[in-house]
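I have placed the structure first, in the form of structure tokens, so that the comments after it can refer back to it.
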Amino acid sequence: MTSTTTNSDIPERFWTGIPGTFCSYTASVRWAIILQNAVDDTAKEIEAIKSGEVKVNNKDLTLKQGNAIKNQLITLREELINDVELRQFTPEELAVSNLTSFNEYLAARKGDKIRWNHSEWLFCEIYMYRRINCYFALQSEWTKFDIFNSLKQSTFKASLHGVVELAIRYKNLLPIWKQNVENKDWDLLEILFKEFIEISLWGNATDLSLLTNATLDDIKSIQGAKAREASESKIVVNDTKLAWKTIVNANKDRKGPVRIDFVLDNSGFELYADLMLAGFLLNTGLIDKCVFHGKDVPYMVSDVMIKDLDILIQDLLDRDFFPTGSSTTPDSQALDLFANEITNFRKQDKLSIEADPFWTNELDYWNLDPSETKYHGAQMHKELSQATLVIFKGDLNYRKLTGDRTWKRTTPWKTAIGPLAHNGLVTLSLRTCKADVQVALKEGVDEELCALWEKDHPGKGSWWSSSGKWAVICFSDGQ
Ligand SMILES: O=P(O)(O)OC[C@@]1(O)O[C@H](CO)[C@@H](O)[C@@H]1O
Ligand SMILES: [Mg+2]
Ligand SMILES: [Mn+2]
């Protein structure tokens, strides 16, 4: 594993016991809420089965198993609140889920008495989601049940405004994209690339003021530039131009199909925004193939599983889910068009979605390297090596890219991502900042934002990087 950093200067990871960090706040406050929500949503599902609203094959068994799961989740929450030592996964849990790496991690630290509030944040948070998943995976009638599905769906449903606005923009831009397949207006395409990168980046935000009613001329006009400037001011590291150059070069000296992979983050509106970026890239002929990498189990509450892409497409076509009137209204037609676009991309194998267990284990992405041969690190490195560019979405992926370590905030990106800086993968991290780890800042930026955030959040100035209000776009050429 070649890396520009020697072991001695690689800092510790963020620990849940470091007082005053977002990390310790997450462990001591937010996880208990997430678990309580899981208990409540399991209870709701049990009630819906009891009332017959949800039809099941074997009602008595399903109810019996559902209550067992609910009680296990309540016990897990108590463990968390009582800060007990983290236990290994049991043989029966190992039989249903690929979790040996977690047990190896705990065995190697037996002496440290790893507890919920005394653990590496990255490991402990993922461990929590795997513990939750085991309870469902071990109950025959609940193995396919996604405890986070109702939250995923209600959040997406609430994004109606942003969903419709983007679908209409897509429909209006489509003819221009198709004109650019043969003779490309590279300046125009670069402007659109930046817009759709920012749409994917801010995926969680639905108030996409950037594009709602901007015509193409607006985007190219001073006004458009002002709108872009406004949103760009929140992007404190911006390597978009380097990613664009990669795509242009891959087009100009085409040695084979141009492929972009997305290591996905959240389902719902963020996935929808990622599909918009993919649609732009495919319809302009800038790329031939897009591969989405999702999760194999429910994870981090809202992360994308393969079934969530199918559900998203059904939601777009469902006039009850998105009430846009009859199928002939402009809004309905725009949603239908986009849903059919995605369906056709999948049929033509221009878009595919996969889910490898590597993305839901606790290994950071320094293991996305030929040297990691035990838990699919080498396998995923080989898979991603086929891509011209690999886009990592969201905050947890950023934490795995940087090892979730307590780096100085001016640490160069290529230092923080270790082996990934030199093992051949061309990568782009699109991250809304929602955790303590923060690197690649120019001198003075952190101090300025800490002071700004401190004003309304006394004693928590450094939590600006956990607020979701700023973002970073970080590129590495892998050389
Ligand atoms: O990856 P996302 O969806 O952008 O953010 C998820 C996230 O911010 O939520 C958790 C806080 O509990 C963090 O572990 C993780 O980074
Ligand atoms: Mg997420
Ligand atoms: Mn996210």
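The first residue of the sequence shown is numbered 1, and numbering continues consecutively from there. Computed from a prediction, not measured in an experiment: that's the story for all the values here. Read the numbers this way: they start at 1 and go in the same order the structure lists the ligands and their atoms.
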> Just which atoms of ligand 1 are under 4.0 Å from any heavy atom in L396?
Replying inline: 1 (O), 2 (P), 16 (O)

> Would you call R13 and E362 a salt bridge, taking side-chain N to carboxylate O under 4.0 Å as the test?
Replying inline: no

>> I'd like to know if the Mg ion (ligand 2) has an N/O/S atom from D265 within less than 2.8 Å of it, counting both backbone and side-chain atoms.
In response: yes

> Any N/O of T432 closer than 3.5 Å to an N/O of ligand 1?
Replying inline: no

> Is there any salt bridge (charged side-chain N to carboxylate O under 4.0 Å, His left out) pair reaching into residues 290-316, and which pairs are they, with sequence neighbours excluded?
Replying inline: D146-K307, K152-D308, K295-D303, D310-R346

>> One thing to verify: whether R130 and E93 come together as a salt bridge, which I'm taking to mean a side-chain N less than 4.0 angstrom from a carboxylate O.
In response: no

> Is NZ or CZ of K393 both nearer than 6.0 Å to the six-membered ring centre of F262 and within 45° of the ring axis?
Replying inline: no

> Of the backbone atoms (N, CA, C, O) and the side-chain heavy atoms from C-beta on, which set of K393 has a member under 4.0 Å from an atom of ligand 1: side chain, backbone, both, or neither?
Replying inline: neither

>> So, regarding R30 and ligand 1 (criterion: nitrogen or oxygen to nitrogen or oxygen, under 3.5 Å), is there a contact or not?
In response: yes

> Can you tell me if Y299 and N133 form a side-chain donor-acceptor pair at under 3.5 Å?
Replying inline: no

> From the Mg ion (ligand 2) out to just under 2.8 Å, does an N/O/S atom of N266 turn up?
Replying inline: yes

> Taking heavy atoms and a distance under 4.0 Å, where does N266 meet ligand 1: side chain, backbone, both or neither?
Replying inline: side chain

> For residues T16 and S119, is any side-chain donor paired with an opposing acceptor at under 3.5 Å?
Replying inline: yes

> Which residue pairs pass the salt bridge (charged side-chain N to carboxylate O under 4.0 Å, His left out) test when at least one of the two sits in residues 443-469, sequence neighbours left out?
Replying inline: R409-D446

>> With heavy-atom distances below 4.0 Å as the criterion, list the atoms of ligand 1 near T26.
In response: 12 (O)

> What are the atoms of ligand 1, with element, lying closer than 4.0 Å to any heavy atom of D265?
Replying inline: 1 (O), 2 (P), 3 (O), 4 (O)

> Closer than 2.8 Å to the Mg ion (ligand 2), do we get an N, O or S atom from D303, backbone or side chain?
Replying inline: yes

> Can a cation-pi geometry be assigned to R399 and W121, taking NZ or CZ under 6.0 Å from the six-membered ring centre and within 45° of the ring axis?
Replying inline: yes

> Are any of the heavy atoms in W121 under 4.0 Å away from ligand 1?
Replying inline: yes

>> Here's a test for you: under side-chain contact (heavy atoms from CB on, under 4.5 Å), which of D265, I417, L368 qualifies with F392?
In response: L368

> What do we get for R399 next to ligand 1 when only non-hydrogen atoms under 4.0 Å count, side chain, backbone, both or neither?
Replying inline: side chain

> What atoms of ligand 1 come closer than 4.0 angstrom to any heavy atom of K434?
Replying inline: 2 (P), 3 (O), 4 (O), 5 (O), 8 (O)

